[in-house]
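What follows is one structure encoded as structure tokens, with my remarks underneath.
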Amino acid sequence: MTDRRVRGSHTGRPIMVLLDLLGRRWALRVLWELRDGPLTSRALRAACDEASPTVLQGRLAQLRDAGLVDHATGRGYGLTVRGRELLDAFAPLYDFAERWAGDKPASSTTPG
């Protein structure tokens, strides 16, 4: 994967490839919704606020190609070991967001 060129990067560095994938519409949401276990296409679409089936299936295909999501007949879509590892890496960001959401709004003045 390191030799792929992606939007905004001429290097194809792994971090740029990952950020490009995760920045695509619904990618992070799909991963997040699969955190508690596999979901069928229909359940995943409902969890993703009725995302377009075409867009959702395209994103799932990309996440499968990246080795983050898999699909098993009768079980639905679920995270792979690598997908779970990625979500675990987001734990500090999740904790920050929870604290941030509980903070009072910052002053409307900006320094400088």
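- Within the structure, no pair that satisfies the ring-ring contact (aromatic ring centres under 6.0 Å, His included) test touches residues 36-67, not counting sequence neighbours.
- For residues 75-91, every residue pair satisfying the side chain to side chain donor-acceptor pair (under 3.5 Å) rule, not counting sequence neighbours, is listed here: Gln57-Tyr77, Asp70-Arg75.
- Applying the side chain to side chain donor-acceptor pair (under 3.5 Å) test to pairs two or more places apart or on separate chains, those with a residue in residues 28-37 are Arg29-Glu33, Arg29-Asp49.
- Across all their heavy atoms, Leu63 and Ala27 have their closest contact at CD1-O, 4.0 Å.
- Both Leu93 and Leu79 sit in one connected hydrophobic cluster of ILVMFWY residues. Membership requires side-chain heavy atoms under 4.5 Å apart, directly or through other members.
- Checked against side-chain contact (heavy atoms from CB on, under 4.5 Å), Ala43 has the following partners two or more places apart in sequence or in another chain: Leu39, Thr40.
- To the nearest 0.5 angstrom, Leu60 atom CG is 7.5 Å from Leu34 atom CG.
- In this structure, CH2 in Trp26 is found 10.0 Å from CG in Leu44, a value given to the nearest 0.5 Å.
- A search for side-chain contact (heavy atoms from CB on, under 4.5 Å) contacts involving Leu22 returns Leu18, Leu28, Leu31, Leu86, Phe90, not counting sequence neighbours.
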Notebook entry, point to check: Should Arg99 and Asp103 be marked as a salt bridge (charged side-chain N to carboxylate O under 4.0 Å, His left out) after you check the CA-CA gap, both sets of side-chain angles, and the distance that decides it?
Noted result: CA-CA 6 Å; Arg99 288 190 310 275; Asp103 289 344; over 6 Å; no

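- Evaluation of the salt bridge (Lys or Arg N to Asp or Glu O under 4.0 Å) rule for Glu98 yields no partner, not counting sequence neighbours.
- To the nearest 0.5 Å, the span separating CG on Leu56 from CZ on Arg25 amounts to 11.0 Å.
- Between the side chain of Arg64 and the backbone N or O of Val69, no donor-acceptor pair lies under 3.5 Å.
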